[in-house]
Amino acid sequence: MRVYLPCTLPALARVLAEGELGPAPLTGYAVTPALVEWYASGDTEELEYIALTDAARASLRMLAADRADGVEAAARRVVVAAEVPDDEVSTGVEPEERARVRLAAAVPMTRIAAVHVDEEAATADVEAAIAALPEADRGDEDARFTVDGAEAHELLWYATQEMPDLVG
């Protein structure tokens, strides 16, 4: 199963150093039966895009958490795409978790298929979205608009052999 795992550039550097994305359990996003049922008119590509977008939103929250913990992290969302055996994946049960999955094991580098990262031009909008998250979570519509502004940027695709260049 293709799983999209939210990440950050510092976390991606740890993946390279340790040879795996972990530790387990991990939360990711994938084309699940609940997602297919919810978006029945979508083809596989559209459904994977939804899962990727959900992972990018989670990456934004990871960036905000890193900042709150004093971790220096470039304001670029990162999503790791991996091929994970179905028996290592469990799906959520709540309707709002329709694409969310949990992985029972760390993901070794050999299962990573690609990495998706914001281009540097998105940095200002991602910074603004990080700052606006608390207000957006409290229901502020202007803050929500700012957070959504980060989603206007498409994530760029990188092959696994390009990962050192991303974190270097």
Side-chain angles (χ1 to χ4, degrees), residues 1-32 35 42-89 91 99-133 146-168:
M1 169 182 284
R2 173 64 57 104
V3 177
Y4 298 94
L5 299 151
C7 198
T8 62
L9 289 174
L12 191 61
R14 284 191 302 276
V15 170
L16 285 168
E18 297 170 6
E20 67 180 16
L21 177 59
L26 295 167
T27 298
Y29 300 84
V31 177
T32 64
L35 180 60
D43 62 18
T44 301
E45 188 174 313
E46 289 172 309
L47 294 168
E48 285 187 352
Y49 184 77
I50 291 169
L52 173 67
T53 301
D54 285 352
R57 280 188 204 118
S59 174
L60 185 67
R61 292 194 175 278
M62 290 175 78
L63 283 168
D66 278 358
R67 298 284 177 84
D69 291 342
V71 176
E72 288 291 322
R76 295 170 73 190
R77 298 166 300 158
V78 178
V79 175
V80 174
E83 294 297 330
V84 180
D86 290 353
D87 63 348
E88 292 181 13
V89 179
T91 59
R100 190 176 306 154
V101 296
R102 285 155 189 86
L103 305 184
V107 177
M109 282 289 298
T110 56
R111 290 192 183 154
I112 295 175
V115 179
H116 303 268
V117 182
D118 273 315
E119 63 182 327
E120 289 193 29
T123 301
D125 287 337
V126 174
E127 284 284 3
I130 292 167
L133 266 174
T146 300
V147 171
D148 290 346
E151 291 182 16
H153 295 277
E154 296 290 326
L155 299 179
L156 303 177
W157 180 93
Y158 293 90
T160 55
Q161 53 270 43
E162 295 176 283
M163 289 170 56
D165 296 331
L166 291 169
V167 299

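Across all their heavy atoms, Pro6 and Ser59 have their closest contact at CB-N, 3.6 Å. In this structure, Ala81 and His116 approach most closely via the heavy-atom pair CB-NE2, 4.1 Å. A pairwise comparison of heavy atoms in Met1 and Val31 identifies CE-O, 4.3 Å as the closest pair. The heavy-atom pair separating Glu88 from Ala105 by the smallest distance is OE1-CB, 3.8 Å. In terms of heavy-atom proximity, Ala64 sits nearest to Leu133 at CB-CD1, 3.8 Å. Of all non-hydrogen atoms in Val101 and Ala30, the two that sit nearest each other are CG1-CB, 4.1 Å.
Shown here is Glu120, whose CD atom has no more than 12 heavy atoms of other residues, nucleotides or ligands within 6.0 Å.
Atom OH in Tyr49 sits 3.5 Å away from atom CD in Glu154 (nearest 0.5 Å). Summarising the geometry, atom CZ belonging to Arg102 is positioned 8.5 Å from atom OG1 belonging to Thr91; distances are rounded to the nearest 0.5 Å. A distance of 10.5 Å separates CE of Met163 from CG of Leu9, quoted to the nearest 0.5 Å. Taken to the nearest 0.5 Å, the OG1 atom of Thr160 stands 9.5 Å off from the CG atom of Leu16. Rounding to the nearest 0.5 angstrom, the gap separating the OH atom in Tyr29 from the OG1 atom in Thr53 is 11.5 Å. Rounding to the nearest 0.5 Å gives a distance of 9.5 Å between CG of Leu155 and CD of Glu119.
Residues Asp118 and Thr123 are not in side-chain contact: their nearest non-hydrogen atoms beyond the backbone lie 4.5 Å or more apart. Taking 4.5 Å as the limit, every side-chain heavy atom of Val117 sits out of range of all side-chain heavy atoms of Leu156. Side-chain contact check for Arg57 versus Leu60: every heavy-atom pair is 4.5 Å or farther apart. Counting only heavy atoms from C-beta outward, the side chains of Arg67 and Glu127 approach each other to under 4.5 Å. For the pair Glu83 and Arg2, the minimum side-chain heavy-atom distance is below 4.5 Å. Arg100 has its side chain within reach of Thr27: a pair of non-hydrogen atoms, C-beta onward, lies under 4.5 Å apart.
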**OP:** Please step through side chain to side chain contact (heavy atoms under 4.5 Å, CB included) for the pair Ile112 and Val15, ending with a clear verdict.
**Re:** CA-CA 10 Å; Ile112 295 175; Val15 170; 3.9 Å; yes
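The side-chain contact (heavy atoms from CB on, under 4.5 Å) with Leu21 is formed by just one residue from the set Leu5, Leu12, Leu103; it is Leu5.
Ion pairing of Glu151 with Arg77 is absent here, as no side-chain N (NZ or NE/NH1/NH2) approaches a carboxylate O to less than 4.0 Å.
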